[in-house]
Amino acid sequence: MTKLAGKVALITGAGRGIGREIARKLGSEGARVLVNDLDREPAEETVALLAKDGIEAAAFPGSVTEPDFGDRFVKAAQDTYGRLDIIINNAGYTWDSVVHKTTDEQFDAMLDVHLRAPFRILRAATGAFREAAKRDAEAGERTVRKVVNISSVAGLGGNIGQAGYASGKAGVVGLTKTLAKEWGRYQVTVNAVAFGLIATRLTEAPAGTGATIALGHPVGMSGARLVLSLALELRRRGGGTGVAALCGGGGQGDALLLRSFT
């Protein structure tokens, strides 16, 4: 039996890149997946790809920055599959400038997608997780549910030209730390993965420049495996939560545990 059989996973930004590979990894372990992307076409492409592998999935296109997105996303999982077990907050992009050239619009956009959107999704999921934990307790059962927030090495150490992006990614680590403490009573582990340079559209050099970027890992390798391991293995009550795991390229190696907040 696959380890996630019967479980339901929500993944934002899963139409391409890291998100799509996470969807494939979780699906390969038996999870049913609700696939979000900003655009309908890539979301449906991911669903079709999963279907070829016998994975049950549905598309939920839309911008994670819409104020009511979190409520609608969580409700869609419950309406479609009747439960919620795993949330992966992955959606994001960069909009870079050195700080004296960064506009309020740029800075706010980075906080909206990388911090406010995960916050809203997780806030919306509180009721579902709380009620599920209550039902489990009444039945004398213990089911551990999972949240994995995608951060970045820029959020841990900063990066030139990325005041907004780094602030958002640092903020989501703080959000991870806080919810790990708040949601332990609901048997929910909350962790973060801080990626380095992974081969996706986000790390491509600008077209026509002739520039190259040294990448640490292809998208389909260690990153998705690390997210899967966090969704599967971190189960101990009072431990295995509030962890920021570094998945860094450029010689930093594979899936290093950077710090534990518990």
Side-chain angles (χ1 to χ4, degrees), residues 1-93 112-114 117-118 120-122 124-125 128-129 132 145-150 172 191 193 195 198-204 217-232 247:
M1 178 181 290
T2 50
K3 296 178 181 178
L4 296 178
K7 306 293 186 182
V8 173
L10 304 187
I11 309 175
T12 64
R16 304 178 177 90
I18 292 171
R20 175 177 285 184
E21 293 305 315
I22 293 171
R24 293 178 66 186
K25 291 292 185 183
L26 297 185
S28 72
E29 289 290 341
R32 294 168 289 174
V33 183
L34 192 59
V35 174
N36 160 260
D37 198 85
L38 177 63
D39 302 313
R40 177 173 295 277
E41 184 176 354
E44 292 181 342
E45 286 175 358
T46 296
V47 170
L49 181 64
L50 297 177
K52 289 182 180 178
D53 293 331
I55 298 166
E56 186 177 351
F60 192 85
S63 173
V64 297
T65 63
E66 293 173 358
D68 65 342
F69 177 87
D71 294 319
R72 292 187 292 108
F73 198 33
V74 170
K75 185 176 185 299
Q78 294 176 301
D79 290 348
T80 304
Y81 298 117
R83 61 185 294 162
L84 174 59
D85 301 281
I86 300 166
I87 298 175
I88 312 293
N89 283 306
N90 168 72
Y93 66 99
D112 281 347
V113 70
H114 296 293
R120 286 171 172 162
I121 291 169
L122 297 174
F129 283 151
R145 294 170 178 86
K146 315 289 179 176
V147 173
V148 180
N149 296 317
I150 304 304
V172 84
N191 295 286
V193 175
F195 283 108
I198 307 293
T200 68
R201 292 189 310 160
L202 187 145
T203 56
E204 290 177 354
H217 299 288
V219 64
M221 295 181 64
S222 63
R225 284 201 300 265
L226 178 55
V227 171
L228 176 62
S229 72
L230 289 171
L232 287 174
C247 185

- Item | Non-hydrogen atoms of Gly13 and Ala91 that approach each other most closely | N-CB, 3.7 Å
- For Asp71 and Ala124, work out which heavy atoms get closest and say how close. OD1-CB, 3.4 Å
- Query: About how many Å separate NZ of Lys25 and CD1 of Ile88, when rounded to the nearest 0.5 Å?
  - Reply: 14.0 Å
- Note, Ile87 side chain near Leu84 side chain (heavy atom, < 4.5 Å): yes
- Looking only at atom types and distance, does a side-chain atom of Glu29 sit under 3.5 Å from a main-chain N or O of Thr2, one as donor and one as acceptor? no
- Message: Among residues at least two apart in sequence or on other chains, which ones pass salt bridge (Lys or Arg N to Asp or Glu O under 4.0 Å) with Arg20?
- Response: Glu45
- Non-neighbouring partners of Ala51 that pass side chain to side chain contact (heavy atoms under 4.5 Å, CB included), sequence neighbours left out: none
- Minimum heavy-atom separation for Ala77 to Leu10, with atom names? CB-CD2, 3.3 Å
- Would you give the length of the straight line joining atom CG of Leu4 to atom NZ of Lys146, rounded to the nearest 0.5 angstrom? 9.0 Å
- Output all residues satisfying side chain to side chain contact (heavy atoms under 4.5 Å, CB included) with Ala23, sequence neighbours left out; order by chain, then residue number. Ile11, Val33, Thr46, Leu50
- Query: Is there any ring pair (Phe, Tyr, Trp, His ring centres under 6.0 Å) pair reaching into residues 21-64, and which pairs are they, with sequence neighbours excluded?
  - Reply: Phe60-Phe69, Phe60-Phe73
- Message: Enumerate the ring pair (Phe, Tyr, Trp, His ring centres under 6.0 Å) contacts for residues 24-44, please, sequence neighbours excluded, ordered by first and then second residue.
- Response: none
- Item | Closest non-hydrogen atom pair, Ala9 against Leu26 | CB-CD1, 3.9 Å
- Can you pull the ring pair (Phe, Tyr, Trp, His ring centres under 6.0 Å) pairs that have at least one residue in residues 3-53, sequence neighbours excluded? none
Just distance, no hydrogens or angles: give the donor-acceptor pairs under 3.5 Å from side chains in residues 61-68, sequence neighbours left out.
{"from": "Ser63", "atom 1": "OG", "to": "Thr65", "atom 2": "N", "distance (Å)": "3.2"}
{"from": "Ser63", "atom 1": "OG", "to": "Thr65", "atom 2": "OG1", "distance (Å)": "2.7"}
{"from": "Glu66", "atom 1": "OE1", "to": "Arg72", "atom 2": "NH2", "distance (Å)": "2.6"}
{"from": "Asp68", "atom 1": "OD1", "to": "Arg72", "atom 2": "NE", "distance (Å)": "3.4"}
{"from": "Asp68", "atom 1": "OD2", "to": "Arg72", "atom 2": "NE", "distance (Å)": "3.2"}

- Query: Considering residues at least two apart in sequence or located in another chain, which fulfil the salt bridge (Lys or Arg N to Asp or Glu O under 4.0 Å) criterion with Asp53?
  - Reply: none
- Query: Does any non-hydrogen side-chain atom of Ile86 lie less than 4.5 Å from one of Val8?
  - Reply: no
- How would you list, by chain and number, every residue that makes a side chain to side chain contact (heavy atoms under 4.5 Å, CB included) with Ala58, sequence neighbours excluded? Leu34, Tyr81
- Item | Backbone N/O of Ile150 and side chain of His114: donor-acceptor pair under 3.5 Å | no
- Task: For residues 34-43, pull every pair meeting side chain to side chain donor-acceptor pair (under 3.5 Å), keeping only residues two or more places apart or in separate chains.
- Result: Arg40-Glu44
- Message: Taking side chain to side chain donor-acceptor pair (under 3.5 Å) as the definition, give me every residue that meets it alongside Arg32, ordered by chain and number, with sequence neighbours left out.
- Response: none
- Message: As a quick check of understanding, evaluate side-chain contact (heavy atoms from CB on, under 4.5 Å) for Arg83 and Lys7, giving each step before the final call.
- Response: CA-CA 8 Å; Arg83 61 185 294 162; Lys7 306 293 186 182; 3.9 Å; yes
- Query: Hey, does the side chain of Asn90 reach the backbone of Thr12 with a donor-acceptor pair shorter than 3.5 angstrom?
  - Reply: yes
- Partners passing salt bridge (Lys or Arg N to Asp or Glu O under 4.0 Å) against Arg24 (at least two apart in sequence or in another chain): Glu21
